[in-house]
Structure formats: structure tokens, C-alpha cells
A.B. asks: 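Pasting a structure below so you can have a look.
Every chain is numbered from 1, with letters handed out A, B, ... down the list of sequences.
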Amino acid sequence: MAEKNYFIDGKIEPVFIGEQIAGHSKKHSIGAHAIFLGQVRADELDGKKVEAIEYSAYEEMANKAISKIREDAFAKWPLTCLHIYHSKGVVKVGEISLFVFVSAGHRTESMEAMQQIVEDLKHNVSIWKKEIMEDASANWVE
Amino acid sequence: MAEKNYFIDGKIEPVFIGEQIAGHSKKHSIGAHAIFLGQVRADELDGKKVEAIEYSAYEEMANKAISKIREDAFAKWPLTCLHIYHSKGVVKVGEISLFVFVSAGHRTESMEAMQQIVEDLKHNVSIWKKEIMEDASANWVE
Amino acid sequence: MHIKILFFGSIGALTGKNEMVLDGVSGTDDLKNHLFKTWPDLKNYTFRFAVNQELIEENRALKDGDVVAIMPPFAGG
Amino acid sequence: MHIKILFFGSIGALTGKNEMVLDGVSGTDDLKNHLFKTWPDLKNYTFRFAVNQELIEENRALKDGDVVAIMPPFAGG
């Protein structure tokens, strides 16, 4: 059975996010969207700035874990839709690497679910990130 | 002193939301965006469906209240940016009437701030809404 | 003495007007009685007063040029 | 008996490979000792095993065809 794929090669485009939002205008039971976006931050380390993050994953296991996170969220909150996209490969500073899009009838459940989902994505999914510094050296984030 | 205006005539366009996100790619201290969107829901009342909501406001007072909500949020959380847009006039079912856009270095503060801001916007701002039903009758939401 | 009265939301729909100017109301309690006399149905509405854009809880004396808003519960979002 | 070993994140950088096949490891404790012998620096790393994509906490016996992933702490987002 083919597992659903939540990974996008490289950055997630703001235009894509706008299109995803527009795509939900036909769902008339939705009253609230909660969206979380992870953006690559120019942290400083030993006087050097981060220029990009390279994401790698155990993709098959990660996709299963994300499907589980979705199932758990639908079981816990009355959600209408839940879409998750995560970058793999190189994403530069200022670009977006994570897009969590929760839609529900009402605001409370959309925001509560989003917080839980973002925490779960951070801790329970087999993804790793390597900061690529301005001098091309690398730093694994753990 | 001219108060900042947070109102947009009619619906908030998904393309505008995408543009606002893209506009933050130059801010390299941002690691997290939390976005809340209110979408007009086709609630049913006495067997009739909502077709649109007409928003009205005591605009001068509402703009001051929203500025206060922004100041309070910046005082409470280390936010990078905070943008709020609210519709006035008629917004149809499936269209977006509220756009709250919180950006911060880290995820926790962006999401905590967003929840508080959305609650404050619901309760502390002089905005009213009238549901326009499919038979053109009206229902004030209170 | 001129007091400007603003009506919002469902109350604007009840009174059929967005604003009016009143003379000779000494405070917000006095104004409330005046409004109840003109629109008896207003007694069935939940509302608050804002005087010069400040929400008030108790009676507030009014002076020339004050702006009083009659506001049903807020419903933003 | 063939066990497929997958290396991820910083551990892939340490071993210089993404995967390898091992013979004759009876379980994950045995595998750990084998890996420590080959890459002594691995002792300084925090990692967990997943056997056939299931995270394990204690020693797990391995059989032909099993896939074992050596995984540093996750860092999604």
C-alpha cells in the first residue's frame, strides 16, 4: 500500500499556501483555519550565520508517523480538513519548510489541534536537519 | 492623530494572504508564523442557510482597540511582526473575513499569542455581524 | 447642550438610524430612560454605552459635545 | 542472515554511508556493540533504533530481512 507523501522538494512557496487557502472556499462548514509555517531562521553559531537548512528523513517511516498524527487529530477534534507539508532537501534562510493547515467549524478546535500537531511533528517524525553555515560548514540540529 | 486602519472592504483574498507571507522572507529572525483565518460558515437557522455576513463596526473605536491588542501582545510575547485585517461590509459564505498573522522567532510564542489575539478580537472590538440568509432575511449575531 | 448618539448593530436596525443629536440629557442613566421611552423594545436588548469611545459600566454625566455609542455585544471575527 | 542497516542524520555523516548489510548480529544490543567497535565515536552520539520502522526501547532479536534504522533525535519543522 502506497503511503501518502507529505514531503515537498525544497522550499514551500507562499503562492502555494495562498492556493491551498483558496481551495477551501467551497467547504461551507469551515469557520476557522489555523495555519502554522516554519521559516528558516538565520541563527548565529560561533559567530557564523545559518544560510540554509538541509532536511533529510527516513521518508517511509516519517510519512507513516505523519498519517498517524493526522488520524489522532481527527479522532480528538472535530476537524474539517488537515493538510501537512514538510520540506526535504535544502531550504534557504527566509524560506518556508513546514506548512500545517487545520480547518474546522470553530476557532477553538482549529488552534488547539494545530498546537498539538506542530509539537508532534517536532518530536515524533523521523526528520533531521543540518544547518549550513555561511562558510559552508555544517551543524546538525538535535 | 490618524489611527491605523485594520479594516478591508469585503472579503480578504487568499492571494493577498500569500503575498503577505512572501513579504516576510526578508526577516531572517523569524522562525515561525501562526496564522488564523475566519471564514464565513453556512450555518443553518430555522431551516434557512446563511449566504453571507455583513460586518459593521464603530471603526474609530475598533481601530483603537485592535492597536491596543497589538501592543499588549508585543508586551507579553517576543514577537517579530503582528498583522491584523478584518473585513467590513458583505462577505459571502466560503470567503475570508479575518486574517491574523503572528510572526516570532519560535513556535510557542507565535501560537500562544495568536490564540490570545483571536479571543481578544472576538470580545473586545466594536464589530457586529448580521447573517444574511438565503431568503434575504437577516439575523444579528450576538 | 448637544449630545451625539450613535446606534450600532441590531440597535441601529431597531431605531432605524445610525445617529441622532439629543439635548438635555444629564447622564447615561437619563439617556437610557429617554431611549426606552422612544423605543420600548430596546428594553429587550443587551447593550452597553461608550462615552467618547470609552466603555462605561455605571452612570456617567454627559457634557456638551460628548459622543455616546449604544452598542450590542461585540461579534468580531 | 542479512540485516539491512540504515544511518540517518549526523550518524550518516559519521559513518560516511546511508546503509549497509550485516550478517550474524543476533539482536540490537549485539548490533550496537558491533557499531561501537567499527565507529568508536558513535558512543558520544544519542540515538535510537527502529526495527522495520518501529521504534524500540529494549533489545530486540533480529531475523533475516529485518531493516534497522540508527536514528539521532528527530528535528522536524
A.B. asks: Check each atom of Ile127(B) against the heavy atoms of chain C and say whether the ones under 4.5 Å are side chain, backbone, both or neither.
C.D. replies: both
A.B. asks: Ser10(C) and Glu142(B): side-chain hydrogen bond (donor to acceptor under 3.5 Å, both in side chains), yes or no, with the steps?
C.D. replies: CA-CA 9 Å; Ser10(C) 55; Glu142(B) 286 183 1; 2.6 Å; yes
A.B. asks: Considering only heavy atoms, which portion of His86(B) lies under 4.5 Å from any heavy atom of chain C: side chain, backbone, both, or neither?
C.D. replies: side chain
A.B. asks: Count the heavy atoms of every other residue, nucleotide or ligand shown that sit under 6.0 Å from NZ of Lys92(B), and state whether that count exceeds 12.
C.D. replies: no
A.B. asks: Which answer fits Glu60(B), side chain, backbone, both or neither, if we ask what part of it has an atom under 4.5 Å from a heavy atom of chain C?
C.D. replies: both
A.B. asks: Using heavy-atom distances under 4.5 Å, tell me whether Lys130(B) contacts chain C through its side chain, its backbone, both, or neither.
C.D. replies: neither
A.B. asks: Testing the basics here: between Met71(C) and Tyr58(B), what is the closest heavy-atom pair and its distance to 0.1 Å?
C.D. replies: SD-CD2, 4.0 Å
A.B. asks: Chain C heavy atoms under 4.5 Å from Ser126(B): which part of the residue, side chain, backbone, both or neither?
C.D. replies: both
A.B. asks: Counting heavy-atom pairs under 4.5 Å to chain C, which of Leu98(B), Val141(B), Val40(B), Val125(B) comes out on top?
C.D. replies: Val125(B)
A.B. asks: Which value, rounded to the nearest 0.5 Å, describes the distance between Met61(B) atom CE and Phe8(C) atom CZ?
C.D. replies: 9.0 Å
A.B. asks: Under 6.0 Å from the CG atom of Asn33(C), do we count more than 12 heavy atoms belonging to anything else shown?
C.D. replies: yes
A.B. asks: Check whether Ala65(B) gets within reach of chain C through its side chain, its backbone, both or neither, counting any heavy atom under 4.5 Å.
C.D. replies: neither
A.B. asks: Can you tell which of Trp140(B), Tyr55(B), Trp128(B), Phe36(B) has the highest number of heavy-atom pairs within less than 4.5 Å of chain C?
C.D. replies: Trp128(B)
